Amino acid sequence: MIDLKVLRDDPQRVRDSQTARGEDAALVDAALEADANRRAAVAAFDKVRAEQKLVSKGIGPLHGAVKKAADDSARASAQAELDKQMLIATDLADLVKAAEATQRDADVAADAAVAALSNVIDPAAPIGSEEDFVVLDTVGEPRDFLAEGFEPRDHVEIGQLLGAIDIERGAKVSGSRFYYLTGVGALLEFALVGLAMDLAQRNGFTPVIPPALVNPAAMEGTGFLGQAAENVYRLEADDMYLVGTAEVPLAAFHMDEVLDADSLPLRYVGYSPCFRREAGSHGKDTRGIFRVHWFDKVEMFSFCPPDQADAEHQRLLTWEREFLDALELPYQVIDVASGDLGASAARKFDCEAWIPTQQRYRELTSTSNCTQFQSRRLKIRMRDENGIAPLATLNGTLCAITRTIVALLENHQRSDGSVNVPAALRPFFGNREVLEPINPAR
RNA sequence: GGAGGCGUCGCAUAGUGGCCUAGUGCGCCCGCCUGCUAAGCGGGUUGGGGAUAAAACCCCUCGAGAGUUCAAAUCUCUCCGUCUCCGCCA
């Protein structure tokens, strides 16, 4: 949810942001109107409710006056007054009920209208659509396989040779975009998680194994039931959702809480399965495990004071880069354009690793600064010397297992189908230096 | 899954239809007193919203929602959480 103060005081800023995202700027004026309606309805209710309380409060003593009346005429006049006040009170009760209903409707409408607005983009973010990203840095050199004298195999082939990835059986058991990691493939996941967790812990993150199944409040508060709703798995019978990222349970961890500003930034690193329906991506990345309905991921999440969010965002990016550096992968860092930001993000950096068989850089990790957008919805606030205010939330991928495996196998393959294990990963992989083929080529 | 108990301010507790404008203790904050500390004394201390130049002020908030009533922490219903016992189970 965006800041109502900004909406009221500087609506043009919000309109410009909507436009830059390629979204409807008219939603801003609809939200302004709904907000004005709400305030009018609140004022009307407050007024009639205050009146009702006043009258109602007088009725108790009137009952007493009737009981204690000294004589019949005093009793009759007290009773008359009581009857009169009761009539007024009954009328007021009807008015209150009506005003309350009006207010509730106006409230719901205003909430919906404001919730339809995406986060106000960071002015530093490049303006444009998906392809208008800015490359901030390029690290490492793609290998020249031609010069090395062999054609690189793709991760599906290598995975088959190593006995690491079983896509056919994944499809048999669960359908398309499913897989099994087997043998060194399974061990590779543990090694990657070990390396990622180690890096995170050294940087002050609290490791978390979060629930991957959450209630509607958590899913909605995180902002995934808006434009991303079609990609979320919902369990109809239980009204629960399968998370698409640990960002959801990590963000919701402090839902409805007020955190001490001195304890910030609070950093958590979660390891969880991620479930994605991949609606609207039919025909995209159909081969292998690059785009799947389920994968595991190590995700960083940070709660921090708003004025430190930019710096924290840079730190998250730095840790993402350290991880890719450790894996010795060539990659580039991009500043994602306004039209390609999620609804919650004000700014986003992606790290894209070179995929040799695709001859291009593909997204491996991503870090978003959601400013106070998520925390307002989730009611996560901080208390400092200035009082209570929403805080900033940020998230960043440390390791999306399947895509990392794709990049690792393809970039570190050798002509005989074996794969080099990068030095940093070996301590988490039984000091293994090379993964050798165990299956014949098909 | 069955039976029962319990959800009140940071914590602990009082409150069974109108003196509740939710009391008290602890903790915390400010002040007084005091060689210093402790004690003592006085005041403050849920959160959200409306109004305002800022206030005063007003409304909502006793797990959530609905209902009864002129009036609900209090009565009724539904849901959620939690605890105890029984059953089942990785």
Side-chain angles (χ1 to χ4, degrees), chain A residues 1-9 31-69 78-115 209 211-221 235-241 249 252-264 266 273 372 374-391:
Chain A
M1 196 168 84
I2 69 161
D3 187 352
L4 283 180
K5 265 200 196 76
V6 172
L7 178 67
R8 288 166 187 165
D9 300 344
L32 276 171
E33 194 187 331
D35 178 51
N37 282 342
R38 161 164 54 191
R39 280 190 284 172
V42 165
F45 169 78
D46 283 1
K47 182 164 172 278
V48 70
R49 174 68 175 155
E51 212 172 318
Q52 182 200 32
K53 283 175 73 167
L54 203 67
V55 173
S56 204
K57 194 170 288 183
I59 284 175
L62 282 173
H63 276 295
V66 170
K67 255 185 214 152
K68 285 185 230 148
Q79 183 66 48
E81 180 60 18
L82 176 58
D83 291 347
K84 186 180 146 205
Q85 291 301 313
M86 280 293 266
L87 274 178
I88 296 173
T90 306
D91 282 348
L92 280 171
D94 289 342
L95 290 178
V96 165
K97 205 162 270 182
E100 195 177 15
T102 304
Q103 190 206 322
R104 197 176 39 236
D105 291 349
D107 233 348
V108 170
D111 282 347
V114 174
I209 309 288
L213 206 49
V214 301
N215 63 29
M219 193 50 100
E220 204 173 307
L235 302 191
E236 181 74 36
D238 301 283
D239 197 18
M240 300 278 280
Y241 295 90
F253 188 65
H254 286 300
M255 180 162 58
D256 296 320
E257 293 180 23
V258 178
L259 306 176
D260 184 352
D262 292 338
S263 70
L264 304 178
L266 274 175
Q372 296 100 294
Q374 247 175 6
S375 68
R376 269 194 211 94
R377 288 177 166 226
L378 290 165
K379 300 186 177 66
I380 306 170
R381 294 159 293 171
M382 61 174 201
R383 187 195 307 275
D384 62 14
E385 62 280 1
N386 299 315
I388 290 176
L391 44 68

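No experiment lies behind these values; they were computed from the predicted model shown. Letters go in sequence order (proteins before strands), and every chain restarts at 1.
The residue A/Lys97 sits close only to the backbone: its heavy atoms come under 4.0 Å of sugar-phosphate atoms, none of a base.
In this structure B/rC20 sits in no base pair that meets the Watson-Crick or G-U test at under 3.5 Å. Base pairing analysis places B/rA73 opposite nothing; no Watson-Crick or G-U wobble pair with both distances below 3.5 Å involves it. Using the Watson-Crick or G-U wobble rule with both distances under 3.5 Å, B/rC11 pairs with B/rG25. B/rG4 is paired with B/rC83 under the Watson-Crick or G-U wobble criterion, all donor-acceptor distances under 3.5 Å. Shown here, B/rA64 forms a base pair with B/rU78; the pair counts as Watson-Crick or G-U wobble because both key distances fall under 3.5 Å. Nucleotide B/rG40 forms a Watson-Crick or G-U wobble pair with B/rC32, both donor-acceptor distances falling under 3.5 Å.
Taking atom CG of A/Asp239 as the reference point, atom P of B/rG81 lies 12 Å away to the nearest angstrom. Atom CD of A/Glu100 and atom C1' of B/rC70 are 15 Å apart (whole Å). Rounded to an integer number of Å, the gap from CG of A/Leu54 to P of B/rU21 is 12 Å. Per the geometry, CG belonging to A/Asp256 stands 16 Å off C1' belonging to B/rG10, to the nearest Å. With rounding to whole Å, A/Asn215 atom CG is found 18 Å from B/rC79 atom P. What separates CE of A/Met86 from P of B/rG18 is a distance of 15 Å, to the nearest Å.
A gap of 14 Å separates the C1' atoms of B/rG25 and B/rU45, to the nearest Å. Here, B/rC57 and B/rG5 have their P atoms 44 Å apart, quoted to the whole Å. For the P atoms, the distance from B/rA38 to B/rU16 is 39 Å, rounded to whole Å. The same atom, P, is picked in B/rG4 and in B/rU61; the two are 31 Å apart, to the nearest Å. When the C1' atom is used for both B/rA3 and B/rU8, the distance is 27 Å, rounded to whole Å. On the C1' atoms, B/rC33 is 8 Å away from B/rG40, given to the nearest whole Å. B/rC59 sits 23 Å from B/rG44 when the C1' atoms are compared, rounded to a whole Å. One C1' atom belongs to B/rC88, the other to B/rC6, and the distance between them is 25 Å to the nearest Å.
Listed for the A/Arg376 side chain is a donor-acceptor partner under 3.5 Å among the backbone atoms of A/Met1. Judged by distance alone, the side chain of A/Ser375 and the main-chain N or O of A/Pro390 form no donor-acceptor pair under 3.5 Å.
Across every non-hydrogen atom of A/Arg38 and A/Asp111, the tightest pair is NH1-OD1, 3.0 Å. Taking every heavy atom of both residues into account, A/Gln103 and A/Phe45 meet most closely at OE1-CD2, 3.1 Å. The heavy-atom pair separating A/Pro216 from A/Asp239 by the smallest distance is CD-O, 3.4 Å.
Side chains of A/Arg49 and A/Gln52: a donor-acceptor N/O pair is present below 3.5 angstrom, by distance only.
OP1 or OP2 of B/rA71 has at least one side-chain nitrogen or oxygen of A/Gln52 nearer than 4.0 Å.
Two residues are said to be in side-chain contact when any heavy atoms from C-beta on lie closer than 4.5 Å; A/Val48 and A/Leu92 meet this criterion.
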Worksheet, complete the sentence: Per-nt protein contacts along nucleotides 44-64 of chain B (heavy atom under 4.0 Å; B base, S backbone sugar-phosphate only, - none) come out as ---SSBS-------SSS----
For a quick test of your reading: what N or O donor-acceptor pairs under 3.5 Å do the side chains of residues 254-263 of chain A make, sequence neighbours left out?
residue	atom	partner	partner atom	Å
A/His254	ND1	A/Glu257	OE1	2.8
A/His254	NE2	A/Tyr268	OH	2.7
A/Asp260	OD1	A/Asp262	N	3.1
A/Ser263	OG	A/Asp260	O	2.6

